[in-house]
There are 2 protein chains.
Amino acid sequence: MLCAGLDDEFLPALNAISSKVTLEKGENLFIEGDRSTYVYNVIEGFLRLSRLGQDGRRQVLGFLTTGDYLGHTSRSEYTLSAEALSDLKVCRFRREDLQGLLSTYPRFERQFHHMTAGLLDDMLDLVFTIGRKNALERVASFLVYQMDRKSVSDTMPGSIWLPMTRADIADFLGLTLETVSRAFSRMKKNGVISIDHAHTINILDRGRLIDLSEGNG
Amino acid sequence: MLCAGLDDEFLPALNAISSKVTLEKGENLFIEGDRSTYVYNVIEGFLRLSRLGQDGRRQVLGFLTTGDYLGHTSRSEYTLSAEALSDLKVCRFRREDLQGLLSTYPRFERQFHHMTAGLLDDMLDLVFTIGRKNALERVASFLVYQMDRKSVSDTMPGSIWLPMTRADIADFLGLTLETVSRAFSRMKKNGVISIDHAHTINILDRGRLIDLSEGNG
DNA sequence: CGCGAGATTGATGCCGCTCAACACAAGTGG
DNA sequence: CCACTTGTGTTGAGCGGCATCAATCTCGCG
């Protein structure tokens, strides 16, 4: 499917103004400072949104996959970079073209606005997590969030595929990669999860994982 | 003025579907769990957005004042509380009524969407700040942000009026109130700011404050 | 004046960062 | 097939920044 995430009735119109882009793992879709000309929708693959401080500090703002949109901003330049974590297919719209569509299809506009508000809600959750939770709670929260995104965990129930590295997770949660690794180890020891190949996490005790994420450890 | 922050041409239509609400300092406009029926616009005064964890941990998500909107969410219930930091006047719209307006005035819809995207950009900044900056840098970043909102600092140039307590600032930045207080003291000692009455901060060296906020201390 | 909420400052302890060593898997070239 | 490399993950030891606990100070207000 091309350009997922919205009602099918809009897809033909969407496709008319979109072009398909393919990236290899490691390539950037855009970086901080690029003019924010386009909005993108992920067709297939994974990517990471991140921002770099001048001295090299990095904050990861999110991990996206099939159906997710990116590139919304109120500013004329992107304030973050988008890098492919795997081979990646996206479709691309000029923001102006999209604007035209939005005027033509009011219901589409509403859905689009609703998605932006959803991103905002996600960011509020993230702020609470990194602002007020300790390391173990943050990593548990991360797993719970990934668990709830069925597009990620649709292969094996109760197991999560994580395409990103420990360093990526750390920079997402405001931790170091060592601390993330230790949190995983503690959860293994407690029988909450098990890990086969570092990128496949099996949730053994969903209830306890949720408790951990909320500080009822 | 009623319902600020948008082009004047929409104000008559806005006013037709809005009602005015007045709160005293300390009252809640809404709390987490309330049905998200309304969207609000601040006419006058200050308020604080916050979220409470089960065990009492609090995260402040933002401080709003004249012209700011609140109540956008993709969810059917608010995930945060809004409390008046001062006597407060807001105008209130049913989301459904607003929806009708948005369909009628496409340009209004665009502006509204643009504001939501702006909130999102602000939250991304906040995530970077609390995820990757130390205590001094966070407090400096907070001051820089308040400095750049002219609606707050329009009285005296170079001085900022902070209606919130140290605890509010701490819960906004993911710190404790003591750490915030110490950060202010250090900046006083270094001649970057001076403080008269705890809620009025004078910026003595704007350049150095910005440097501090970016980690070039 | 005395009270109470908020702010400042100090002493101590702990969680997560830093530095470092080692483990493990995938890829490369001989 | 093995030796070597490279990227990534795990585990350990020690340290430091911020939290915690606590005392004192300031200011507005009855």
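Here is the naming used below: chain letters follow the sequence lines, and residue numbers restart at 1 for every chain. Scope of the values below: all heavy atoms of this structure, side chains included, with no hydrogens, waters or symmetry mates.
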Original post:
Taking atom P of D:dG9 as reference, at what distance in whole Å does atom CD1 of A:Ile169 sit?
Top reply: 8 Å
Original post:
Rounded to whole angstroms, how far apart are CG on A:Leu173 and P on C:dC15?
Top reply: 19 Å
**OP:** Using a strict 4.0 Å threshold on nitrogen-to-oxygen distance, state whether B:Asp87 and B:Lys25 make a salt bridge.
**Re:** no
**OP:** May I ask you to check whether A:Phe30 and A:Tyr38 place their ring centers less than 6.0 Å from one another?
**Re:** no
Original post:
Over how many whole Å does the gap from A:Asp171 atom CG to D:dG9 atom P extend?
Top reply: 12 Å
**OP:** Mind listing the residues from residues 50-64 of chain B sitting with a heavy atom below 4.0 Å of DNA chain C? Number order is fine.
**Re:** none
**OP:** Encode nucleotides 17-30 of chain D as B, S and - characters from 5' to 3', where the letter depends on protein heavy atoms closer than 4.0 Å: B to the base, S only to sugar-phosphate, - to neither.
**Re:** -SSBBB--------
**OP:** Using whole Å, report how far CZ of A:Arg166 lies from C1' of C:dC17.
**Re:** 19 Å
**OP:** Could you tell me whether B:Arg58 and B:Asp168 have a side-chain N and a carboxylate O separated by less than 4.0 Å?
**Re:** yes
Subject >> A:Asp125 bridged to B:Arg75 by N-O distance under 4.0 Å >> reply: yes
Original post:
Between B:His72 and A:His113, what is the ring plane arrangement, given parallel below 30°, perpendicular above 60°, and tilted in between?
Top reply: tilted
Original post:
Using 30° and 60° as the class limits, which term best fits the ring planes of A:Tyr40 and A:Tyr78: parallel, tilted or perpendicular?
Top reply: tilted
Original post:
Given C:dG6, C:dT9, D:dT10, which nucleotide is nearest the side-chain atoms of B:Ser181?
Top reply: C:dT9
**OP:** Using only side-chain N and O atoms of B:His199, determine if any of them is under 4.0 Å from OP1 or OP2 of C:dA7.
**Re:** yes
Subject >> Residues A:Asp55 and B:Lys133 bridged, charged N to O under 4.0 Å >> reply: no
Original post:
What are the two closest heavy atoms between A:Phe63 and A:Ile169, and how far apart are they?
Top reply: CZ-N, 4.3 Å
Original post:
Tell me: CD1 of A:Ile195 to P of D:dT8, nearest whole Å?
Top reply: 17 Å
**OP:** Output yes when B:Arg57 and A:Glu214 qualify as a salt bridge under the 4.0 Å nitrogen-oxygen rule, no when they do not.
**Re:** no
Original post:
In whole Å, what is the span from the CG atom of A:Leu177 to the P atom of D:dT8?
Top reply: 11 Å
